[in-house]
Amino acid sequence: MDAIAVEQVTKVYEPRWPWHRSSTVLSDVSFSVSKGEIFGFLGHNGAGKTTTMKILLGLLRPTSGRIEVLGAPAGDVATHSKLGYLPESPYFYDYLTAEEFLAFYGKLAGMSRDAIHGRIPSLLEQVGLHDARHRQLRKFSKGMLQRIGLAQALIQDPELVVLDEPMSGLDPMGRKEVRDLILTLREQGKTVFFSTHILSDVEMICDRVGILAKGKMLALGTVEELVDGQLAESIEVVCDGVIGTQIEPVRRLAVRTLQSGARCLMVLPGHECLDEILEALRGAGAKLVSIIPHKGSLEELFVLKSHGEG
Amino acid sequence: MQRLYAVAVNTFRETLRDKILYNLVLFAVLLIGSSVLLGTLTIGEQARIVNDLGLAAINLVAVIIAIFVGIGLVSKEIERRTIYTLLARPITRAQFVLGKYLGLALVILVNIGIMFAMFLATVKLSGHPIHASLFQAVELMLVEALLVMAFALLFSTFSSSILSATLTLGIYVIGHLTSDLKTIAEKNTSGVIKSLTTTLYYAFPNLETLNIKGQSAAGISVDLGFQLIATTYGLLYTGLLLVGACLIFQRRDF
(Lines give C-alpha, C1' and ligand atoms only; values in the text may rest on other atoms or scores of the structure.)
Protein backbone atom coordinates (compact mmCIF):
# COMPACT_ATOMS: atom_id res chain seq x y z
CA MET A 1 0.00 0.00 0.00
CA ASP A 2 1.19 3.52 -0.80
CA ALA A 3 1.79 5.97 2.01
CA ILE A 4 1.22 8.83 -0.42
CA ALA A 5 -0.64 8.69 -3.74
CA VAL A 6 -0.80 11.82 -5.87
CA GLU A 7 -2.74 11.60 -9.14
CA GLN A 8 -2.83 14.34 -11.75
CA VAL A 9 -2.76 17.16 -9.27
CA THR A 10 -2.97 20.70 -10.57
CA LYS A 11 -2.95 23.87 -8.50
CA VAL A 12 -3.87 27.16 -10.09
CA TYR A 13 -4.00 30.40 -8.13
CA GLU A 14 -6.86 32.43 -9.47
CA PRO A 15 -6.14 36.15 -9.83
CA ARG A 16 -7.38 38.39 -7.05
CA TRP A 17 -8.18 41.16 -9.51
CA PRO A 18 -9.46 40.85 -13.11
CA TRP A 19 -6.32 42.48 -14.52
CA HIS A 20 -4.02 39.95 -12.83
CA ARG A 21 -3.16 36.64 -14.48
CA SER A 22 -3.78 33.26 -12.94
CA SER A 23 -0.71 31.30 -11.96
CA THR A 24 -0.27 27.54 -12.34
CA VAL A 25 2.01 26.25 -9.60
CA LEU A 26 1.46 22.53 -10.14
CA SER A 27 0.57 20.96 -13.43
CA ASP A 28 -0.72 17.39 -13.68
CA VAL A 29 1.69 16.04 -11.06
CA SER A 30 1.48 12.31 -10.30
CA PHE A 31 3.64 10.13 -8.08
CA SER A 32 3.40 7.72 -5.20
CA VAL A 33 5.51 6.96 -2.15
CA SER A 34 5.48 3.39 -0.83
CA LYS A 35 5.30 2.61 2.86
CA GLY A 36 8.74 2.37 4.45
CA GLU A 37 10.39 4.31 1.64
CA ILE A 38 12.59 7.42 1.75
CA PHE A 39 11.44 9.65 -1.08
CA GLY A 40 13.49 12.72 -2.06
CA PHE A 41 11.69 15.59 -3.70
CA LEU A 42 14.02 17.77 -5.77
CA GLY A 43 13.51 21.09 -7.44
CA HIS A 44 14.60 24.71 -7.57
CA ASN A 45 12.96 27.38 -5.45
CA GLY A 46 9.49 27.96 -6.80
CA ALA A 47 9.32 24.55 -8.46
CA GLY A 48 6.21 23.63 -6.46
CA LYS A 49 7.70 21.36 -3.75
CA THR A 50 6.27 23.23 -0.77
CA THR A 51 2.90 23.62 -2.52
CA THR A 52 2.77 19.84 -3.02
CA MET A 53 3.58 19.28 0.65
CA LYS A 54 0.94 21.77 1.76
CA ILE A 55 -1.64 19.99 -0.39
CA LEU A 56 -0.67 16.65 1.18
CA LEU A 57 -1.31 18.16 4.62
CA GLY A 58 -4.60 19.80 3.69
CA LEU A 59 -3.22 23.33 4.14
CA LEU A 60 -3.99 24.00 0.47
CA ARG A 61 -6.71 22.57 -1.73
CA PRO A 62 -5.74 21.38 -5.22
CA THR A 63 -7.59 22.81 -8.22
CA SER A 64 -7.93 19.28 -9.58
CA GLY A 65 -6.54 15.82 -8.98
CA ARG A 66 -6.67 13.19 -6.27
CA ILE A 67 -4.41 12.83 -3.23
CA GLU A 68 -4.40 10.12 -0.61
CA VAL A 69 -2.23 10.12 2.48
CA LEU A 70 -2.06 6.85 4.45
CA GLY A 71 -5.19 5.65 2.70
CA ALA A 72 -7.32 8.73 3.46
CA PRO A 73 -7.97 11.88 1.44
CA ALA A 74 -5.43 14.67 2.04
CA GLY A 75 -6.45 16.92 4.92
CA ASP A 76 -8.25 14.16 6.83
CA VAL A 77 -7.75 15.29 10.42
CA ALA A 78 -7.74 11.78 11.94
CA THR A 79 -4.86 10.74 9.64
CA HIS A 80 -2.77 13.60 11.00
CA SER A 81 -2.23 11.64 14.22
CA LYS A 82 -0.01 9.31 12.15
CA LEU A 83 1.89 12.10 10.45
CA GLY A 84 4.73 14.46 11.38
CA TYR A 85 5.63 17.64 9.47
CA LEU A 86 8.56 20.03 9.51
CA PRO A 87 8.01 23.15 7.36
CA GLU A 88 10.78 25.05 5.58
CA SER A 89 12.50 27.73 7.74
CA PRO A 90 10.24 27.00 10.66
CA TYR A 91 9.29 29.60 13.22
CA PHE A 92 8.02 28.32 16.53
CA TYR A 93 6.60 29.78 19.73
CA ASP A 94 9.80 31.36 20.99
CA TYR A 95 8.46 32.03 24.48
CA LEU A 96 8.29 28.29 25.16
CA THR A 97 11.18 26.18 26.43
CA ALA A 98 12.16 23.13 24.37
CA GLU A 99 10.30 20.83 26.80
CA GLU A 100 7.15 22.99 26.90
CA PHE A 101 7.19 23.21 23.13
CA LEU A 102 7.33 19.44 22.64
CA ALA A 103 4.72 18.88 25.35
CA PHE A 104 2.36 21.27 23.50
CA TYR A 105 2.78 19.39 20.23
CA GLY A 106 2.40 16.07 22.06
CA LYS A 107 -0.96 17.24 23.44
CA LEU A 108 -2.03 18.37 19.97
CA ALA A 109 -1.12 14.92 18.69
CA GLY A 110 -3.46 13.42 21.29
CA MET A 111 -0.75 11.86 23.49
CA SER A 112 -1.33 11.25 27.19
CA ARG A 113 0.62 13.24 29.77
CA ASP A 114 2.64 10.14 30.75
CA ALA A 115 3.42 9.29 27.13
CA ILE A 116 4.59 12.87 26.50
CA HIS A 117 6.86 12.93 29.53
CA GLY A 118 8.26 9.53 28.62
CA ARG A 119 8.96 10.55 25.03
CA ILE A 120 10.49 14.03 25.41
CA PRO A 121 13.89 13.14 27.01
CA SER A 122 14.74 10.47 24.44
CA LEU A 123 13.63 12.69 21.57
CA LEU A 124 15.70 15.65 22.80
CA GLU A 125 18.63 13.29 23.17
CA GLN A 126 18.09 12.02 19.62
CA VAL A 127 18.23 15.52 18.11
CA GLY A 128 21.09 16.62 20.38
CA LEU A 129 19.17 19.20 22.41
CA HIS A 130 19.02 17.52 25.79
CA ASP A 131 21.20 20.18 27.42
CA ALA A 132 18.98 22.95 26.03
CA ARG A 133 15.70 21.44 27.25
CA HIS A 134 14.96 24.26 29.72
CA ARG A 135 16.02 27.05 27.33
CA GLN A 136 13.43 29.24 25.59
CA LEU A 137 13.36 28.82 21.81
CA ARG A 138 14.13 32.54 21.33
CA LYS A 139 17.66 31.72 22.52
CA PHE A 140 18.08 28.92 19.96
CA SER A 141 20.33 29.19 16.90
CA LYS A 142 18.92 28.46 13.43
CA GLY A 143 20.36 24.95 13.50
CA MET A 144 18.88 24.28 16.94
CA LEU A 145 15.46 25.48 15.72
CA GLN A 146 15.72 23.06 12.83
CA ARG A 147 16.47 20.24 15.28
CA ILE A 148 13.62 21.09 17.63
CA GLY A 149 11.38 21.30 14.55
CA LEU A 150 12.42 17.76 13.66
CA ALA A 151 11.71 16.67 17.22
CA GLN A 152 8.15 18.08 17.10
CA ALA A 153 7.57 16.26 13.80
CA LEU A 154 8.53 12.99 15.51
CA ILE A 155 6.85 13.55 18.88
CA GLN A 156 4.11 10.94 18.50
CA ASP A 157 6.30 8.44 16.63
CA PRO A 158 4.44 9.00 13.33
CA GLU A 159 4.15 6.53 10.45
CA LEU A 160 4.82 9.18 7.82
CA VAL A 161 7.26 12.07 8.18
CA VAL A 162 7.06 15.01 5.76
CA LEU A 163 10.14 17.24 5.91
CA ASP A 164 10.51 20.43 3.87
CA GLU A 165 14.22 21.21 3.47
CA PRO A 166 15.25 19.49 6.73
CA MET A 167 18.97 20.09 6.13
CA SER A 168 18.74 23.84 5.60
CA GLY A 169 20.54 25.88 8.23
CA LEU A 170 22.57 22.93 9.45
CA ASP A 171 26.35 22.61 9.44
CA PRO A 172 27.95 19.50 7.83
CA MET A 173 27.86 17.62 11.15
CA GLY A 174 24.21 18.54 11.67
CA ARG A 175 23.39 17.42 8.13
CA LYS A 176 25.00 14.09 8.74
CA GLU A 177 23.00 13.68 11.95
CA VAL A 178 19.75 14.43 10.10
CA ARG A 179 20.71 11.95 7.38
CA ASP A 180 21.37 9.31 10.04
CA LEU A 181 18.08 10.16 11.72
CA ILE A 182 16.19 9.69 8.44
CA LEU A 183 17.92 6.33 7.91
CA THR A 184 16.99 5.32 11.47
CA LEU A 185 13.37 6.20 10.69
CA ARG A 186 13.47 3.90 7.67
CA GLU A 187 14.90 1.09 9.82
CA GLN A 188 11.91 1.59 12.12
CA GLY A 189 9.61 1.12 9.12
CA LYS A 190 8.60 4.79 8.77
CA THR A 191 8.00 6.53 5.48
CA VAL A 192 9.97 9.73 4.90
CA PHE A 193 9.03 12.25 2.24
CA PHE A 194 11.45 15.15 2.13
CA SER A 195 12.47 17.98 -0.14
CA THR A 196 15.98 19.29 -0.47
CA HIS A 197 18.44 21.22 -2.59
CA ILE A 198 21.38 19.18 -1.37
CA LEU A 199 21.73 16.48 -3.99
CA SER A 200 24.49 14.51 -2.29
CA ASP A 201 22.08 13.84 0.60
CA VAL A 202 19.50 12.51 -1.82
CA GLU A 203 22.01 10.22 -3.54
CA MET A 204 23.13 8.85 -0.19
CA ILE A 205 19.83 8.08 1.50
CA CYS A 206 16.86 8.11 -0.88
CA ASP A 207 15.18 4.99 -2.18
CA ARG A 208 13.47 7.01 -4.90
CA VAL A 209 13.47 10.60 -6.08
CA GLY A 210 11.20 12.91 -8.00
CA ILE A 211 12.45 15.98 -9.86
CA LEU A 212 10.00 18.85 -10.07
CA ALA A 213 10.49 21.96 -12.22
CA LYS A 214 8.01 24.73 -12.85
CA GLY A 215 5.22 22.65 -11.37
CA LYS A 216 5.84 19.58 -13.54
CA MET A 217 7.24 16.22 -12.47
CA LEU A 218 10.14 15.71 -14.87
CA ALA A 219 11.71 12.53 -13.58
CA LEU A 220 10.74 9.82 -11.13
CA GLY A 221 12.54 6.68 -10.03
CA THR A 222 15.52 5.38 -8.08
CA VAL A 223 18.74 7.36 -8.37
CA GLU A 224 20.32 4.52 -10.38
CA GLU A 225 17.37 4.26 -12.76
CA LEU A 226 17.41 7.96 -13.44
CA VAL A 227 21.13 8.36 -13.80
CA ASP A 228 21.71 5.15 -15.79
CA GLY A 229 18.63 5.52 -17.91
CA GLN A 230 18.83 9.18 -18.71
CA LEU A 231 22.53 10.04 -18.57
CA ALA A 232 25.06 8.28 -20.82
CA GLU A 233 28.17 6.84 -19.18
CA SER A 234 31.40 8.47 -20.29
CA ILE A 235 35.03 7.24 -20.14
CA GLU A 236 38.08 9.34 -19.38
CA VAL A 237 41.34 8.21 -21.01
CA VAL A 238 44.61 9.82 -19.91
CA CYS A 239 47.90 9.16 -21.70
CA ASP A 240 51.43 10.59 -21.88
CA GLY A 241 53.86 11.09 -24.73
CA VAL A 242 51.58 12.25 -27.51
CA ILE A 243 51.18 15.53 -29.29
CA GLY A 244 48.02 16.86 -30.85
CA THR A 245 48.75 15.93 -34.44
CA GLN A 246 49.40 12.26 -33.54
CA ILE A 247 45.88 11.76 -32.26
CA GLU A 248 44.16 13.92 -34.85
CA PRO A 249 42.60 10.90 -36.68
CA VAL A 250 40.72 9.77 -33.54
CA ARG A 251 39.99 13.18 -31.98
CA ARG A 252 36.54 13.20 -33.62
CA LEU A 253 35.57 10.15 -31.54
CA ALA A 254 36.02 12.03 -28.25
CA VAL A 255 33.47 14.34 -26.69
CA ARG A 256 36.21 16.50 -25.29
CA THR A 257 40.02 16.54 -25.53
CA LEU A 258 42.42 18.39 -23.28
CA GLN A 259 46.14 18.62 -24.10
CA SER A 260 48.67 19.80 -21.52
CA GLY A 261 52.26 19.40 -22.72
CA ALA A 262 52.69 15.73 -23.62
CA ARG A 263 49.72 14.64 -21.43
CA CYS A 264 46.36 14.21 -23.08
CA LEU A 265 42.91 13.66 -21.58
CA MET A 266 40.11 12.39 -23.78
CA VAL A 267 36.49 12.03 -22.72
CA LEU A 268 34.75 9.28 -24.72
CA PRO A 269 30.96 8.99 -25.01
CA GLY A 270 30.99 5.25 -24.19
CA HIS A 271 32.74 1.89 -24.52
CA GLU A 272 32.06 1.53 -28.24
CA CYS A 273 34.98 3.57 -29.52
CA LEU A 274 37.41 2.66 -26.70
CA ASP A 275 39.26 -0.05 -28.67
CA GLU A 276 39.75 2.20 -31.69
CA ILE A 277 41.13 5.00 -29.52
CA LEU A 278 43.50 2.70 -27.60
CA GLU A 279 44.79 1.25 -30.84
CA ALA A 280 45.45 4.71 -32.26
CA LEU A 281 47.23 5.77 -29.07
CA ARG A 282 49.43 2.66 -29.06
CA GLY A 283 50.24 3.26 -32.73
CA ALA A 284 51.36 6.77 -31.84
CA GLY A 285 53.62 5.41 -29.08
CA ALA A 286 51.62 6.90 -26.23
CA LYS A 287 51.90 5.60 -22.68
CA LEU A 288 48.52 4.89 -21.13
CA VAL A 289 48.11 6.50 -17.67
CA SER A 290 44.47 5.71 -16.78
CA ILE A 291 41.07 4.67 -18.09
CA ILE A 292 38.24 5.81 -15.77
CA PRO A 293 34.59 5.06 -16.46
CA HIS A 294 32.61 8.12 -15.37
CA LYS A 295 28.98 7.63 -14.31
CA GLY A 296 26.60 10.52 -14.54
CA SER A 297 25.55 12.09 -11.25
CA LEU A 298 22.17 13.14 -9.98
CA GLU A 299 23.42 16.70 -10.10
CA GLU A 300 24.06 16.45 -13.84
CA LEU A 301 20.60 14.99 -14.34
CA PHE A 302 19.05 17.70 -12.17
CA VAL A 303 20.79 20.46 -14.13
CA LEU A 304 19.92 18.80 -17.44
CA LYS A 305 16.25 18.40 -16.52
CA SER A 306 15.90 21.85 -14.98
CA HIS A 307 17.55 23.56 -17.94
CA GLY A 308 15.53 21.48 -20.36
CA GLU A 309 12.38 22.77 -18.72
CA GLY A 310 13.69 26.31 -18.55
CA MET B 1 -11.37 18.58 23.70
CA GLN B 2 -7.77 17.94 24.82
CA ARG B 3 -6.50 19.66 21.68
CA LEU B 4 -8.77 22.67 22.08
CA TYR B 5 -7.63 22.93 25.69
CA ALA B 6 -3.95 22.69 24.61
CA VAL B 7 -4.39 25.59 22.15
CA ALA B 8 -6.25 27.64 24.79
CA VAL B 9 -3.56 27.06 27.42
CA ASN B 10 -0.82 27.92 24.94
CA THR B 11 -2.60 31.16 23.97
CA PHE B 12 -3.05 32.03 27.65
CA ARG B 13 0.64 31.37 28.29
CA GLU B 14 1.72 33.37 25.22
CA THR B 15 -0.33 36.40 26.23
CA LEU B 16 0.84 36.27 29.83
CA ARG B 17 4.47 36.12 28.69
CA ASP B 18 3.86 39.15 26.48
CA LYS B 19 5.10 42.29 28.22
CA ILE B 20 2.34 44.45 26.70
CA LEU B 21 -0.14 42.84 29.06
CA TYR B 22 1.82 43.89 32.12
CA ASN B 23 1.93 47.45 30.82
CA LEU B 24 -1.84 47.43 30.53
CA VAL B 25 -2.22 46.22 34.09
CA LEU B 26 0.15 48.94 35.21
CA PHE B 27 -2.00 51.40 33.28
CA ALA B 28 -5.07 50.26 35.19
CA VAL B 29 -3.27 50.57 38.50
CA LEU B 30 -2.31 54.16 37.65
CA LEU B 31 -5.85 55.02 36.63
CA ILE B 32 -7.33 53.58 39.78
CA GLY B 33 -4.70 55.46 41.78
CA SER B 34 -5.57 58.72 40.06
CA SER B 35 -9.25 58.13 40.79
CA VAL B 36 -8.41 58.07 44.48
CA LEU B 37 -6.43 61.27 44.10
CA LEU B 38 -9.27 63.00 42.23
CA GLY B 39 -11.72 61.71 44.80
CA THR B 40 -9.83 63.44 47.59
CA LEU B 41 -9.80 66.74 45.63
CA THR B 42 -13.55 66.79 45.02
CA ILE B 43 -15.91 67.98 47.69
CA GLY B 44 -18.65 65.39 48.05
CA GLU B 45 -19.39 62.66 45.48
CA GLN B 46 -15.97 61.10 46.19
CA ALA B 47 -17.35 57.57 46.13
CA ARG B 48 -18.99 58.11 42.77
CA ILE B 49 -15.81 59.53 41.19
CA VAL B 50 -13.71 56.66 42.50
CA ASN B 51 -16.29 54.18 41.14
CA ASP B 52 -16.59 56.00 37.81
CA LEU B 53 -12.86 56.17 37.12
CA GLY B 54 -12.17 52.67 38.40
CA LEU B 55 -14.87 51.05 36.26
CA ALA B 56 -13.88 53.11 33.22
CA ALA B 57 -10.24 52.05 33.61
CA ILE B 58 -11.15 48.36 33.87
CA ASN B 59 -13.46 48.68 30.85
CA LEU B 60 -10.80 50.46 28.79
CA VAL B 61 -8.07 47.91 29.56
CA ALA B 62 -10.42 44.96 28.85
CA VAL B 63 -11.48 46.42 25.48
CA ILE B 64 -7.88 47.28 24.50
CA ILE B 65 -6.79 43.70 25.25
CA ALA B 66 -9.84 42.31 23.42
CA ILE B 67 -9.12 44.35 20.29
CA PHE B 68 -5.36 44.53 20.06
CA VAL B 69 -4.52 41.04 21.27
CA GLY B 70 -7.66 39.61 19.65
CA ILE B 71 -6.70 40.75 16.14
CA GLY B 72 -3.37 38.92 16.42
CA LEU B 73 -4.84 35.64 17.64
CA VAL B 74 -5.10 34.02 14.23
CA SER B 75 -3.23 36.46 11.97
CA LYS B 76 0.00 36.15 13.98
CA GLU B 77 -0.11 32.37 13.60
CA ILE B 78 -0.47 32.82 9.83
CA GLU B 79 2.19 35.53 9.50
CA ARG B 80 4.72 33.55 11.57
CA ARG B 81 3.70 30.35 9.77
CA THR B 82 3.22 28.47 13.04
CA ILE B 83 -0.20 27.57 11.62
CA TYR B 84 1.45 24.98 9.33
CA THR B 85 2.68 22.72 12.09
CA LEU B 86 -0.53 23.22 14.11
CA LEU B 87 -2.91 22.26 11.33
CA ALA B 88 -0.67 19.33 10.38
CA ARG B 89 -1.71 17.89 13.75
CA PRO B 90 -5.01 16.06 14.32
CA ILE B 91 -6.85 19.26 15.19
CA THR B 92 -9.79 20.70 13.27
CA ARG B 93 -9.70 24.31 12.16
CA ALA B 94 -12.72 25.05 14.36
CA GLN B 95 -10.92 23.58 17.39
CA PHE B 96 -7.96 25.82 16.61
CA VAL B 97 -10.09 29.00 16.30
CA LEU B 98 -12.11 28.25 19.44
CA GLY B 99 -8.99 27.29 21.38
CA LYS B 100 -7.36 30.61 20.50
CA TYR B 101 -10.53 32.46 21.52
CA LEU B 102 -10.90 30.64 24.84
CA GLY B 103 -7.23 31.25 25.69
CA LEU B 104 -7.62 35.00 25.32
CA ALA B 105 -11.03 34.93 27.03
CA LEU B 106 -9.27 33.37 30.01
CA VAL B 107 -6.63 36.13 29.91
CA ILE B 108 -9.34 38.79 29.90
CA LEU B 109 -11.22 37.05 32.71
CA VAL B 110 -8.10 36.87 34.86
CA ASN B 111 -7.17 40.47 34.08
CA ILE B 112 -10.61 41.85 34.80
CA GLY B 113 -10.64 39.75 37.98
CA ILE B 114 -7.31 41.15 39.17
CA MET B 115 -8.18 44.74 38.22
CA PHE B 116 -11.59 44.47 39.87
CA ALA B 117 -10.03 43.10 43.05
CA MET B 118 -7.58 46.03 43.08
CA PHE B 119 -10.45 48.42 42.43
CA LEU B 120 -12.56 47.00 45.27
CA ALA B 121 -9.57 47.26 47.59
CA THR B 122 -9.20 50.90 46.52
CA VAL B 123 -12.88 51.58 47.24
CA LYS B 124 -12.68 49.85 50.60
CA LEU B 125 -9.47 51.61 51.61
CA SER B 126 -10.99 54.96 50.61
CA GLY B 127 -13.74 54.23 53.14
CA HIS B 128 -16.54 54.01 50.57
CA PRO B 129 -19.23 51.32 50.46
CA ILE B 130 -18.96 48.46 47.97
CA HIS B 131 -22.27 48.27 46.09
CA ALA B 132 -23.60 45.11 44.42
CA SER B 133 -24.08 47.26 41.29
CA LEU B 134 -20.28 47.31 40.81
CA PHE B 135 -20.30 43.52 40.34
CA GLN B 136 -23.15 43.84 37.84
CA ALA B 137 -21.23 46.45 35.83
CA VAL B 138 -18.06 44.36 35.74
CA GLU B 139 -19.97 41.23 34.65
CA LEU B 140 -21.39 43.10 31.65
CA MET B 141 -17.95 44.57 30.90
CA LEU B 142 -16.65 41.02 30.63
CA VAL B 143 -19.48 40.13 28.24
CA GLU B 144 -18.69 43.24 26.17
CA ALA B 145 -14.99 42.36 26.03
CA LEU B 146 -15.86 38.81 24.90
CA LEU B 147 -18.13 40.19 22.18
CA VAL B 148 -15.54 42.72 20.95
CA MET B 149 -12.89 40.00 20.96
CA ALA B 150 -15.11 37.77 18.82
CA PHE B 151 -15.33 40.61 16.28
CA ALA B 152 -11.53 41.01 16.34
CA LEU B 153 -11.10 37.26 15.81
CA LEU B 154 -13.68 37.16 13.00
CA PHE B 155 -11.98 40.02 11.12
CA SER B 156 -8.52 38.54 11.63
CA THR B 157 -9.56 35.32 9.86
CA PHE B 158 -9.77 37.13 6.53
CA SER B 159 -7.99 40.51 6.79
CA SER B 160 -4.70 42.05 7.89
CA SER B 161 -4.05 43.09 11.50
CA ILE B 162 -4.39 46.80 10.72
CA LEU B 163 -7.68 46.36 8.88
CA SER B 164 -8.98 44.04 11.62
CA ALA B 165 -8.13 46.62 14.30
CA THR B 166 -9.79 49.40 12.30
CA LEU B 167 -12.94 47.37 11.67
CA THR B 168 -13.22 46.22 15.28
CA LEU B 169 -12.69 49.75 16.60
CA GLY B 170 -15.35 50.95 14.15
CA ILE B 171 -17.79 48.31 15.39
CA TYR B 172 -17.01 49.26 18.98
CA VAL B 173 -17.72 52.94 18.36
CA ILE B 174 -20.86 52.30 16.30
CA GLY B 175 -21.98 49.71 18.86
CA HIS B 176 -22.09 52.44 21.47
CA LEU B 177 -24.05 54.78 19.19
CA THR B 178 -26.79 52.41 18.00
CA SER B 179 -29.42 54.03 20.21
CA ASP B 180 -28.69 57.29 18.33
CA LEU B 181 -29.29 55.43 15.07
CA LYS B 182 -32.71 54.39 16.34
CA THR B 183 -33.50 57.97 17.32
CA ILE B 184 -32.47 59.18 13.84
CA ALA B 185 -34.68 56.50 12.27
CA GLU B 186 -37.64 57.50 14.39
CA LYS B 187 -37.29 61.23 13.78
CA ASN B 188 -36.41 61.13 10.07
CA THR B 189 -39.12 61.32 7.45
CA SER B 190 -36.92 60.29 4.51
CA GLY B 191 -37.62 56.63 3.66
CA VAL B 192 -34.04 55.92 2.53
CA ILE B 193 -32.38 57.30 5.65
CA LYS B 194 -35.02 55.70 7.85
CA SER B 195 -34.48 52.22 6.38
CA LEU B 196 -30.68 52.67 6.32
CA THR B 197 -30.44 53.70 9.97
CA THR B 198 -32.94 51.00 11.00
CA THR B 199 -30.87 48.34 9.16
CA LEU B 200 -27.67 49.59 10.81
CA TYR B 201 -29.39 49.60 14.19
CA TYR B 202 -30.27 45.92 13.89
CA ALA B 203 -27.05 44.87 12.10
CA PHE B 204 -24.63 46.25 14.67
CA PRO B 205 -24.42 45.05 18.25
CA ASN B 206 -25.98 47.34 20.83
CA LEU B 207 -23.03 47.69 23.17
CA GLU B 208 -24.79 50.35 25.25
CA THR B 209 -26.99 47.53 26.56
CA LEU B 210 -23.88 46.18 28.23
CA ASN B 211 -22.87 49.57 29.64
CA ILE B 212 -24.33 50.24 33.09
CA LYS B 213 -21.24 51.95 34.49
CA GLY B 214 -23.00 55.29 35.15
CA GLN B 215 -25.73 53.99 37.40
CA SER B 216 -23.49 51.34 38.96
CA ALA B 217 -21.04 54.03 40.02
CA ALA B 218 -23.91 55.80 41.75
CA GLY B 219 -24.73 52.57 43.58
CA ILE B 220 -27.95 51.88 41.64
CA SER B 221 -28.39 48.20 40.75
CA VAL B 222 -30.09 47.06 37.57
CA ASP B 223 -32.92 44.57 37.51
CA LEU B 224 -31.57 40.97 37.49
CA GLY B 225 -33.87 40.14 34.58
CA PHE B 226 -32.23 42.90 32.52
CA GLN B 227 -28.81 41.67 33.56
CA LEU B 228 -29.68 38.16 32.36
CA ILE B 229 -31.12 39.34 29.05
CA ALA B 230 -28.14 41.63 28.37
CA THR B 231 -25.71 38.80 29.18
CA THR B 232 -27.59 36.33 26.98
CA TYR B 233 -27.72 38.88 24.16
CA GLY B 234 -23.96 39.47 24.33
CA LEU B 235 -23.07 35.79 24.53
CA LEU B 236 -25.43 34.78 21.70
CA TYR B 237 -23.98 37.50 19.48
CA THR B 238 -20.49 36.25 20.41
CA GLY B 239 -21.48 32.68 19.54
CA LEU B 240 -22.72 33.72 16.11
CA LEU B 241 -19.50 35.61 15.39
CA LEU B 242 -17.42 32.60 16.42
CA VAL B 243 -19.43 30.33 14.11
CA GLY B 244 -18.75 32.84 11.31
CA ALA B 245 -15.03 32.92 12.16
CA CYS B 246 -14.84 29.10 12.09
CA LEU B 247 -16.66 28.92 8.73
CA ILE B 248 -14.36 31.50 7.13
CA PHE B 249 -11.25 29.86 8.57
CA GLN B 250 -12.43 26.46 7.33
CA ARG B 251 -12.35 27.70 3.73
CA ARG B 252 -8.93 29.38 3.86
CA ASP B 253 -5.83 28.21 2.02
CA PHE B 254 -2.43 28.61 3.71
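Note that the structure is predicted; figures quoted are calculated from it, not measured. Below, chains carry the letters A, B, ... as their sequence lines are ordered, and counting in each starts from 1.
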Kindly indicate whether the side chain of A/Lys107, heavy atoms from C-beta on, has any atom under 4.5 Å from the side chain of B/Arg3. no

Which one of B/Ile91, B/Asn10, B/Leu87, B/Thr92 has the most heavy-atom pairs closer than 4.5 Å to chain A? B/Asn10

Heavy-atom neighbours of A/Gln8 CD exceed 12 at 6.0 Å: no

Name the member of A/Ala153, A/Pro87, A/Gly149, A/Ala109 that forms the most heavy-atom pairs with chain B at distances under 4.5 Å. A/Ala109

Is the CD1 atom of B/Ile162 crowded by more than 12 outside heavy atoms at less than 6.0 Å? no

Could you tell me whether the side chain of A/Leu83 reaches within less than 4.5 Å of the side chain of B/Arg89, counting heavy atoms only? no

Measure distances from B/Gln95 to the heavy atoms of chain A and classify the residue's part below 4.5 Å as side chain, backbone, both or neither. neither

Heavy-atom distances under 4.5 Å only: say whether A/Gln152 touches chain B with side chain, backbone, both or neither. both

Other residues, nucleotides, ligands: >12 heavy atoms within 6.0 Å of A/Lys35 NZ: yes

Near A/Arg138 CZ, under 6.0 Å, is it more than 12 heavy atoms from other residues, nucleotides or ligands? yes

Taking A/Lys82, A/Gln156, A/Glu100, A/Arg61 one by one, which has the highest count of heavy-atom pairs under 4.5 Å against chain B? A/Arg61

When the 4.5 angstrom heavy-atom criterion is applied to A/Leu86 and chain B, the contacting part is neither

When the 4.5 angstrom heavy-atom criterion is applied to B/Arg252 and chain A, the contacting part is backbone

Locate the shortest heavy-atom distance separating B/Thr82 from A/Phe92; write the atom from each residue and the value. CG2-CA, 4.0 Å

In terms of heavy-atom pairs under 4.5 Å with chain A, which of B/Arg13, B/Glu14, B/Arg81 leads? B/Glu14

Pick one of side chain, backbone, both or neither for A/Met111, based on which atoms fall under 4.5 Å of a heavy atom in chain B. backbone

Pair A/Glu88, B/Tyr84: side-chain N/O donor-acceptor within cut-off below 3.5 Å: no

Once rounded to the nearest 0.5 Å, what's the spacing between atom OH of B/Tyr5 and atom CG of A/Leu108? 13.0 Å

Charged N to carboxylate O under 4.0 angstrom, B/Arg17 versus A/Asp94? no

Validation row: B/Phe254, A/Leu57 side chains within 4.5 angstrom (heavy atoms): no

Side chain from CB out, backbone as N, CA, C, O: work out which of these in B/Val7 comes under 4.5 Å of a heavy atom of chain A, or both, or neither. both

Decide whether A/Tyr85 and B/Thr85 meet the rule of one side-chain donor and one side-chain acceptor closer than 3.5 Å. no

